[in-house]
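First the structure, in the form of structure tokens, and then the observations on it.
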Number of protein chains: 2
Amino acid sequence: MPGQHAAAGDDRAAGSRRSRPTGHDVAGAAGVSQATVSLVLGGKWEGRVSARTAEAVRAAARELGYRPNLAARTLRLGRTRTALLVVPALTNDFFATVHRGAVEVARAHDFGIVLYPSPEGINAAPDPFASARTALDGVIASSMAPEALAALRGEGLPLVMLDADEGSGDATVNIDLADGMRQVVAHLRELGHHRIAHIAAAVDSWTFEARADALHEELRASSAALVRTERAALSVADGLEAATRVLTAAPSRDGAPTALVCDDDLLAVGALKAARRLGLRVPEDVSVTGVDDVALATAVEPELTTVRLPAEQVGRAGMRALLAVLDGQRVEAARLPVQLVVRGSTGPSPHP
Amino acid sequence: MPGQHAAAGDDRAAGSRRSRPTGHDVAGAAGVSQATVSLVLGGKWEGRVSARTAEAVRAAARELGYRPNLAARTLRLGRTRTALLVVPALTNDFFATVHRGAVEVARAHDFGIVLYPSPEGINAAPDPFASARTALDGVIASSMAPEALAALRGEGLPLVMLDADEGSGDATVNIDLADGMRQVVAHLRELGHHRIAHIAAAVDSWTFEARADALHEELRASSAALVRTERAALSVADGLEAATRVLTAAPSRDGAPTALVCDDDLLAVGALKAARRLGLRVPEDVSVTGVDDVALATAVEPELTTVRLPAEQVGRAGMRALLAVLDGQRVEAARLPVQLVVRGSTGPSPHP
DNA sequence: CTCTCGACGTTTTACGTATAACTGACCTCG
DNA sequence: CGAGGTCAGTTATACGTAAAACGTCGAGAG
């Protein structure tokens, strides 16, 4: 029976003080040393500990609800089996899905993923390492502004870049948006469109430059005219403004565009609104396409014709690439396929 | 000049091996002991270290780019100044904004926030502690299914619940959705609506029960009829289906509803699509309201009349409540105000 | 002159884990 | 029968930090 003021100190085996049980507590309960507990629970006991003892240790651990202290493990090992996923914003379900894919692979390899949503949007220099609150083994990051990327690289951690310039990280997982643009242009050409406008994202990020380059290339190759380009921040409201400028401008020498190719679904939805406000019917008077296939794309009327990105595969491939880099392997750049999803926002050109 | 195979061991002060510099390295550079470094950088040096020495230490730390090893600190202190934020999904920008608010307060108090998006949606039992990969001081969680909540409570960590039953955590930050429903009903009554249908979220979560109760109460109080209730999962597609059922059903004794009150903006957007597909005009033939005021609400045509939730305040209040709980204070339940935002999806009743 | 006290640091210790190095007991084989 | 080997563990140690406990030196009090 404990006295009025209990003598602190011994009797660790009881383990019932207040804190979580430690490896020593498990060892006491199982009648072995802490080292044996660590061996057994770490799975490296074959040939070092008898099967009967191992089972006893596992039983004791289960009984006490033991879970190793991650801080202690990290301190000892110097690595955390944890990766940071840097995304521009949480609202875009593309990145939510990327996250899901990455988590799926990470889990299978006993890795954790900490999510860092850059609070100020895609262009902000991230300070993820203060925020993550834990040491990190590596980083997976989506396309971002050069300064932000430089800050990230400066940390010296293994870095996998998603949808970014090859060579900007230790590995790259890309999306074949050039092919996406090819499919978009082919689709529009088939519908008779040959005067096309581009609503471009006004974001300093490799992926959008690549989209523009690919679009220009394809238009040239299919001898369609790029009537006009307007830039807009990545939001429905800015897309609306930019599309309004395009649709109300004095026709250029080639005439008004019959199709608006948007860098992103948000911009495309803005374009739909712009057309409606100007009394134009979609797709009868003007066709609109996006990129991403976010949930929003099917929420609007008409539903959006868009390029579906393999978000979950991107996440999975990103995590796999990071694991390979950590393993010292050389990783070749991936380039994942995309698929045009034709819905109601594109139709035959009014002026074929 | 180092020999061919350098003798490992001493010369820590140089610190230029490969790893991050430690407190010992800083101490060596500043000509003091590691303990002094810890005191100075920990800010508790007043009266224990001279101002000149303190400055020397800070200079050395800056020079070497020293940042304390979080694992070691955690191991020593047993707490991490890190909170877990459990949200049902990332796609909803309500939660993205909650996160932003929580981060803002956390940052001011040198706290970190780790985001845990329950991968399987709001009803899944979370396993955040394996995923977080770091010890946690407390948890902020949004409304969730009872089993998931029980699992979370079982961890024994301080718990702040958002938009949930009071008493389900150590503190609660609520949203005055009862008042929101009051405003919705008042608005609709003013427009002459008295036959109203409810598109309810088919989610086992306190907040949606509360919304239903409040709606029923308000309808009774204003002598309007609840013509019908349909339940739907939280998506545009399910909202569309549910609204279609409502709008095509044989009119009940009270006649067809002239307004659809939806538990959520996603459902409301689904309702907009359903109306359009059935050839009904919004708001001329039927009015629609949502709750949340997510970005989607202004992306659709007509824009959605909805109840704007104070997402950022919820996040801030949640983090503040957690800090207070950790500080041992008793926290009274908050109840944050909401605001009806009237847009184009509501209009005068066709049958006043 | 001694005693005390404050200012300024240093030495030491604990945190919980993973693993290298070590210890006996038992077995095998020349 | 003893040298070496395997099995089944144990003991000892390092990781980097925070903070309690412990000097040391000079100044002022008695």
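Values below: every heavy atom of this structure, side chains too, minus hydrogens, waters and symmetry copies. Given the structure is predicted, the values throughout are model-derived calculations rather than measurements. Lettering of chains follows the sequences in order, A, B, ..., and the numbering in each one begins at 1.
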I'd like to know if B/Q34 reaches the base of D/dA18 with its side chain, counting only an N/O donor and acceptor under 3.5 Å. yes

Name all residues meeting the side-chain hydrogen bond (donor to acceptor under 3.5 Å, both in side chains) criterion together with B/D137; count only those two or more places apart in sequence or in a different chain, and write none if there are none. B/T80

Does B/G23 reach a base, just sugar-phosphate, or nothing at all? Heavy atoms under 4.0 Å. sugar-phosphate

Any side-chain heavy atom of B/D163 sitting closer than 4.5 Å to one from B/V314? no

Using OP1 and OP2 only, check whether a side-chain N or O of A/S33 sits under 4.0 Å from D/dT11. no

Report the end-to-end axis angle of the helix from C/dC1-D/dG30 to C/dG30-D/dC1; each axis comes from five terminal pairs, and the value is rounded to 10°. 60°

Could you check how far CG of B/L41 sits from P of D/dT17, rounded to whole Å? 10 Å

Side chain of B/P68, heavy atoms from C-beta onward: which of D/dT17, C/dT19, C/dT10 has the nearest atom to it? D/dT17

Between B/T22 and D/dG16, does any side-chain N or O lie under 4.0 Å from OP1 or OP2? no

Just to be sure I understand the rule, does B/V37 reach a base, reach only the sugar-phosphate, or reach nothing, if contact means heavy atoms closer than 4.0 Å? nothing

Give the rounded distance in Å between these two atoms: CZ of A/R79 and P of C/dT17. 16 Å

With a 4.0 Å limit, can you tell me whether B/T53 has a side-chain N or O closer than that to the phosphate oxygens OP1/OP2 of C/dG9? yes

Interatomic distance where CG belongs to A/L39 and C1' belongs to C/dA18 [whole Å]: 8 Å

Would you classify A/S50 as touching base, sugar-phosphate or nothing, given that sugar-phosphate means primed atoms plus P, OP1 and OP2, and contacts are heavy atoms under 4.0 Å? sugar-phosphate

With a non-hydrogen cut-off below 4.0 angstrom, is B/S38 in contact with a base, only sugar-phosphate, or nothing? base

Could you state the NE2-P distance from A/H24 to C/dA14, rounded to the nearest angstrom? 12 Å

Is the shortest distance from a Lys or Arg side-chain nitrogen in B/R58 or B/E55 to a carboxylate oxygen in the other one below 4.0 Å? yes

Would you mind checking if A/R320 and A/E104 are paired as a salt bridge, meaning a charged N to carboxylate O distance below 4.0 Å? no

May I have the distance from A/R20 (atom CZ) to C/dC15 (atom C1'), rounded to whole angstrom? 13 Å

Quick check on DNA chain D: between B/Y66 and A/T36, whose nearest nucleotide comes earlier from the 5' end? A/T36

Can you tell me how far P of C/dT17 sits from NZ of A/K44, to the nearest Å? 15 Å

For C/dA18, take OP1 and OP2 only and decide whether either is under 4.0 Å from a side-chain N or O of A/R73. yes

Rounded to whole Å, please give me the gap between CZ in A/R48 and C1' in C/dA21. 10 Å

Whole-Å gap separating P (C/dC15) and CG (A/L75): 14 Å

Think B/R76 has a side-chain N or O under 4.0 angstrom from the OP1 or OP2 of C/dA14? no

